[in-house]
Peer 1: 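My structure is below; once you've seen it, I'll send some questions.
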2 protein chains.
Amino acid sequence: MNDTYGRIIETTKGLYHEGGLKAISMRKIAARLDLSATAIYRHFQNKEHLLIAVFEEGFKTFTRYLWDSLAGETPIERLRSAGEAYLRFALEEPLYYQVLFMVPTQHLGYEAMPETAQEELHRAFLFLVDRVRECIDEGSFREGDAETVAVAIWGHSHGLVSLYLNGHFQACECDEEFTRFFWNSLDHLLRGLTDESFVESS
Amino acid sequence: MNDTYGRIIETTKGLYHEGGLKAISMRKIAARLDLSATAIYRHFQNKEHLLIAVFEEGFKTFTRYLWDSLAGETPIERLRSAGEAYLRFALEEPLYYQVLFMVPTQHLGYEAMPETAQEELHRAFLFLVDRVRECIDEGSFREGDAETVAVAIWGHSHGLVSLYLNGHFQACECDEEFTRFFWNSLDHLLRGLTDESFVESS
DNA sequence: GTCTATAGGTGGATAGAC
DNA sequence: GTCTATCCACCTATAGAC
């Protein structure tokens with residue numbers, strides 16, 4: 001990924017991180033790469049297609065993380081690995097995490113983009129639902145709606161991660177400390193979710 | 001709030017909701033209110049001050065919600081009321097919720113703004129820490145670090161709310177359904193947080 | 001594949017009339 | 001308090017030379 005195509009995408013992520021969608025412009029990207037503003041149009045049809053490409057690269061990366069988590073032998077191990085993969089992705093690729101999970105799709109403001117984004121996000125969610133359903137099917141979790149449990153897990157994880165990435169976690173000085181906190185907190189939720197009447201009453 | 005000042009702030013919130021920070025412009029606000037672009041400058045010094053005003057109105061509103069939650073008689077009741085206030089604010093003022101809690105402060109890109117935002121957010125967090133500490137002090141919660149427990153509660157709540165506001169909650173058709181889900185999920189987390197060794201091991 | 005030149009649009013903000 | 005006229009900065013995108 002050291003070609004111009006890859007460098008343009010990296011620069012776009014950087015601009016997003018610094019100033020949000022409003023800070024991304026073809027001219028600024030070009031300036032940072034010592035290119036003329038128009039050179040980018042040889043690599044991407046227009047700005048919309050560039051942003052779609054960033055999005056899709058992000059999802060490719062995220063999918064690789066999730067894919068690796070399927071190596072676990074039992075459903076419970078695979079669910080835990082999925083959580084580890086989600087957290088590792090957030091910490092190792094914070095810029096992608098923000099673009100994929102922290103931008104309201106309406107704010108993208110393009111035709112093709114929101115559909116791509118929604119579809120990909122839904123696919124990721126279904127992956128988690130599958131991990132939960134496996135656990136229910138083999139009896140590790142109580143009977144119930146896998147989607148309901150998956151949403152609670154995703155919500156909890158996303159909340160902690162997004163507060164941390166936005167700098168609202170003054171307690172944690174480093175990623176390792178946050179990782180310990182994340183798992184401690186999530187384990188308690190999982191215990192609550194699986195021990196009791198969560199699935200039925202919701 | 002039917003004066004021009006209030007209408008400008010409402011319109012700004014609406015534009016943010018539709019297209020994010022990049023969609024907010026003095027000209028668009030003016031057009032929606034059938035004003036000339038420059039009329040707004042009689043009410044706000046410039047765009048930065050307008051955005052700060054939106055932020056501060058949002059925090060005034062949020063603070064009113066939290067304030068009402070202090071009416072509870074016991075620490076536990078007040079903590080629960082604070083959660084109810086947080087959720088009601090998110091559902092009744094979703095545009096403010098997004099502006100206050102879902103915009104990375106770097107993306108605001110002004111001098112005065114990020115400090116205002118960070119300070120106000122921190123004050124809201126300290127309010128939650130106080131509610132948790134009360135519960136610990138009277139013995140309803142185990143001994144331990146109130147900030148740690150507060151972060152877990154806030155993270156969980158924020159995660160669920162932001163997924164819901166971003167439309168990722170296909171299971172819940174209406175606010176009432178989401179409210180039930182929210183409390184069911186949060187109650188399980190609270191049980192886990194208070195029953196076991198969460199505070200010590202994190 | 002990269003450049004310059006350029007068209008056409010949107011934006012923030014000021015000056016001065018009413 | 002609102003208007004029009006205006007300035008200047010920045011943006012996306014195209015055409016055509018190298």
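Every chain is numbered from 1 and lettered A, B, ... according to where its sequence line falls, protein lines coming before strand lines. Please read these numbers as outputs of a predicted model, since none were measured by experiment.
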Peer 1: Mind listing the residues from residues 43-50 of chain B sitting with a heavy atom below 4.0 Å of DNA chain D? Number order is fine.
Peer 2: B:His43
Peer 1: For residues 104-121 of chain A, run the donor-acceptor check on the side chains, cut-off 3.5 Å, and write out each pair with its distance to 0.1 Å, sequence neighbours left out.
Peer 2:
residue: A:Thr105; atom: OG1; partner: A:Gln118; partner atom: NE2; Å: 3.4
residue: A:His107; atom: NE2; partner: B:Tyr16; partner atom: O; Å: 3.1
residue: A:His107; atom: NE2; partner: B:His17; partner atom: O; Å: 3.4
residue: A:Thr116; atom: OG1; partner: A:Ala112; partner atom: O; Å: 3.1

Peer 1: Please report whether the ring centroid of A:Phe62 lies less than 6.0 Å from that of A:Phe101.
Peer 2: yes
Peer 1: For the backbone of A:His168 and the side chain of A:Asn166, can you confirm whether one donor and one acceptor N or O come within less than 3.5 Å of each other?
Peer 2: no
Peer 1: Of all of residues 24-31 of chain B, which get a heavy atom below 4.0 angstrom from DNA chain C, listed by number?
Peer 2: B:Ile24, B:Ser25, B:Met26, B:Arg27, B:Lys28
Peer 1: Report yes or no: does A:Ser162 contribute a side-chain atom to a donor-acceptor pair with the main-chain N or O of A:Gly159 at less than 3.5 Å?
Peer 2: yes
Peer 1: Of all residues at least two apart in sequence or in a different chain, which pass the side chain to side chain donor-acceptor pair (under 3.5 Å) check with B:Tyr97?
Peer 2: B:Tyr86, B:His158
Peer 1: Walking along DNA chain C from 5' to 3', note the first and the last nucleotide with an atom under 4.0 Å from a heavy atom of chain B, and give both.
Peer 2: C:dG11 to C:dT14
Peer 1: Nearest whole angstrom, please: distance from the P of D:dT4 to the CG of B:Asp34.
Peer 2: 11 Å
Peer 1: Under 4.0 Å between a side-chain nitrogen and a carboxylate oxygen: does that hold for B:Asp187 and B:Arg80?
Peer 2: yes
Peer 1: Using 4.0 Å as the upper bound for N to carboxylate O, is an ion pair formed by A:Glu143 and A:Arg133?
Peer 2: no
Peer 1: In plain terms, say whether A:Glu57 and A:Lys60 are close enough for a salt bridge, that is, a side-chain N and a carboxylate O under 4.0 Å apart.
Peer 2: yes
Peer 1: Taking only residues two or more places apart in sequence, or in another chain, which ones meet B:Thr61 in a side-chain contact (heavy atoms from CB on, under 4.5 Å)?
Peer 2: B:Arg64, B:Tyr65, B:Phe89, B:Glu93, B:Tyr96
Peer 1: Could you go step by step and tell me if A:Phe127 and A:Leu70 meet the side-chain contact (heavy atoms from CB on, under 4.5 Å) rule?
Peer 2: CA-CA 10 Å; A:Phe127 181 92; A:Leu70 285 173; 3.8 Å; yes
